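Before any comments, here is the structure.
Everything quoted here is computed from the prediction, not taken from an experiment.
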Amino acid sequence: MTDVTRTGRIAWRSVPLLALGLLAGLPSGAVGQEAAMTAALAPHFVRVTPGATTPDSDGFLRRWLFLEPIDKPNRSNSGFTGTYVRQALTTQYFPGQFGPVPRDGQTVAAAAPLRWHALDSTAFDVKLFDFARAFGKPTYGVIFWAVTVVDSPREMRDVRLAVGSNSASMWWLNGKEIVGLFNDRRMVVDDVLSDRLTLRKGRNVIRGAVINGPGLSDFCARFVDANGRPITDLKVDVR
């Protein structure tokens, strides 16, 4: 597994503010708006193109719908106990939080209006900090929501969702909680595995919520089979 280079990171720090400036006053769907957004998201994300994709060669899911981060008063990682994280990540912040799969560009009424964005991560580890920064949103003391749809060619039994996150997170499959990562932690590949579960043939909806205090935030997620091997023969989309 090879991460994307972070060379030139300092040069990108001014891009989000520039992009937001370009976005102001442009009509929805304008070419200039798309170009500005693409620049702001690079090099960590690209906009989703039509048609489903697949997990990468190591099985990691890279296509997601991301909600702009929800600001949370507790900005210290030291308070990320299991009780606190569970309460924070199961609180209803917006209508339909566990409802239908959202649409790209859909806005929800949280404490402030927040928008969903359909994006492909250019790396196996999804860089939430950089996602928030690209849109000029808070990066510390926030909750990130991510949703994707996995289409399985057959029923798959005894599979597990393997997750790593920075910091704590919780994950649901088809509306059922399947795994949680609690306390302050760095993102480690396959840090925690769900119990054995079944991917049903056809459409399966995966939701994740990651809470971050000070510092960077990212996650990685993939399905592994009963022998721990990555599952790659899936279709992944955000519809």
Side-chain angles (χ1 to χ4, degrees), residues 48 52-55 59-70 72 80 82-111 114-121 126 128 131 142-165 167-182 190-212 219-226 230-231 233-239:
V48 165
T53 185
T54 58
F60 289 103
L61 307 177
R62 297 196 184 194
R63 174 164 291 186
W64 296 87
L65 278 157
F66 301 101
L67 183 64
E68 293 169 353
I70 299 168
K72 195 80 175 70
F80 287 175
T83 300
Y84 174 80
V85 170
R86 184 172 296 281
Q87 184 277 329
L89 298 185
T90 57
T91 295
Q92 181 170 314
Y93 295 99
F94 55 92
Q97 190 164 299
F98 287 94
V101 173
R103 302 183 308 275
D104 183 26
Q106 180 180 342
T107 299
V108 301
L114 302 174
R115 186 177 297 273
W116 287 95
H117 300 273
L119 302 172
D120 286 330
S121 172
V126 180
L128 296 171
F131 162 74
V142 294
I143 294 172
F144 297 95
W145 277 92
V147 180
T148 196
V149 178
V150 169
D151 193 291
S152 176
R154 60 193 177 281
E155 183 179 84
M156 297 188 185
R157 296 180 178 272
D158 295 328
V159 306
R160 299 175 187 264
L161 182 67
V163 186
S165 67
S167 289
S169 64
M170 292 179 65
W171 300 83
W172 294 261
L173 173 65
N174 297 327
K176 180 181 178 181
E177 180 188 333
I178 56 171
V179 66
L181 291 75
F182 304 116
D190 301 347
D191 190 11
V192 176
L193 276 69
S194 71
D195 291 337
R196 296 182 187 274
L197 51 84
T198 297
L199 277 178
R200 59 197 183 197
K201 181 179 180 180
R203 179 183 173 91
N204 297 267
V205 178
I206 296 96
R207 298 178 192 270
V210 181
I211 187 169
N212 185 45
F219 75 87
C220 62
R222 62 179 173 178
F223 286 101
V224 296
D225 65 18
I231 299 173
D233 61 333
L234 302 168
K235 297 293 186 182
V236 186
D237 212 342
V238 288
R239 296 174 179 81

Taking [X] for the side chain and [Y] for the main chain, is one N or O donor matched with an acceptor at less than 3.5 Å?
| X | Y | value |
| --- | --- | --- |
| Thr148 | Asp237 | yes |
| Ser165 | Ser167 | yes |
| Tyr93 | Ala88 | yes |
| Asp151 | Lys235 | no |
| Ser194 | Ile178 | no |
| Arg222 | Ala162 | no |
| Gln106 | Trp116 | no |

If you look at every heavy atom in [X] and [Y], which pair is closest and at what distance?
| X | Y | result |
| --- | --- | --- |
| Ile211 | Tyr84 | CD1-CE2, 3.8 Å |
| Leu61 | Pro55 | CD2-CG, 4.0 Å |
| Lys201 | Glu155 | CB-N, 3.7 Å |
| Arg86 | Glu177 | NH1-OE1, 2.7 Å |
| Pro95 | Ala109 | CD-O, 3.6 Å |
| Leu65 | Arg103 | CD2-C, 4.2 Å |

Answer whether the closest heavy-atom distance between the side chains of [X] and [Y] falls below 4.5 Å.
| X | Y | value |
| --- | --- | --- |
| Val192 | Val163 | no |
| Val179 | Leu173 | no |
| Phe223 | Leu199 | yes |
| Thr198 | Val159 | no |
| Val101 | Val149 | yes |
| Val126 | Phe60 | no |

Worksheet entry | Within the 6.0 Å centroid threshold, strictly below: Trp64 and Phe144 |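 Centroid distance Trp64-Phe144: not below 6.0 Å, so no.
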Fill in: Geometric class of the Phe66/Phe131 ring pair [parallel <30°, tilted 30-60°, perpendicular >60°]
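Phe131 vs Phe66 ring planes: tilted.
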What distance do [X] atom [atom1] and [Y] atom [atom2] have between them, rounded to the nearest 0.5 Å?
| X | Y | atom1 | atom2 | result |
| --- | --- | --- | --- | --- |
| Arg207 | Trp171 | CZ | CH2 | 12.5 Å |
| Thr54 | Arg63 | OG1 | CZ | 9.5 Å |
| Trp145 | Leu89 | CH2 | CG | 7.0 Å |
| Asn212 | Leu128 | CG | CG | 8.0 Å |
| Asp225 | Met156 | CG | CE | 9.0 Å |
| Asn204 | Leu197 | CG | CG | 9.0 Å |

Item to complete: Go through Val150 and Ile206 one step at a time and tell me if the side-chain contact (heavy atoms from CB on, under 4.5 Å) criterion holds.
Response: CA-CA 7 Å; Val150 169; Ile206 296 96; 3.3 Å; yes
Worksheet item: In terms of side-chain heavy atoms, does Gln87 have a donor or acceptor partner in Thr83 at a distance below 3.5 Å?
Response: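 No, no side-chain donor-acceptor contact under 3.5 Å.
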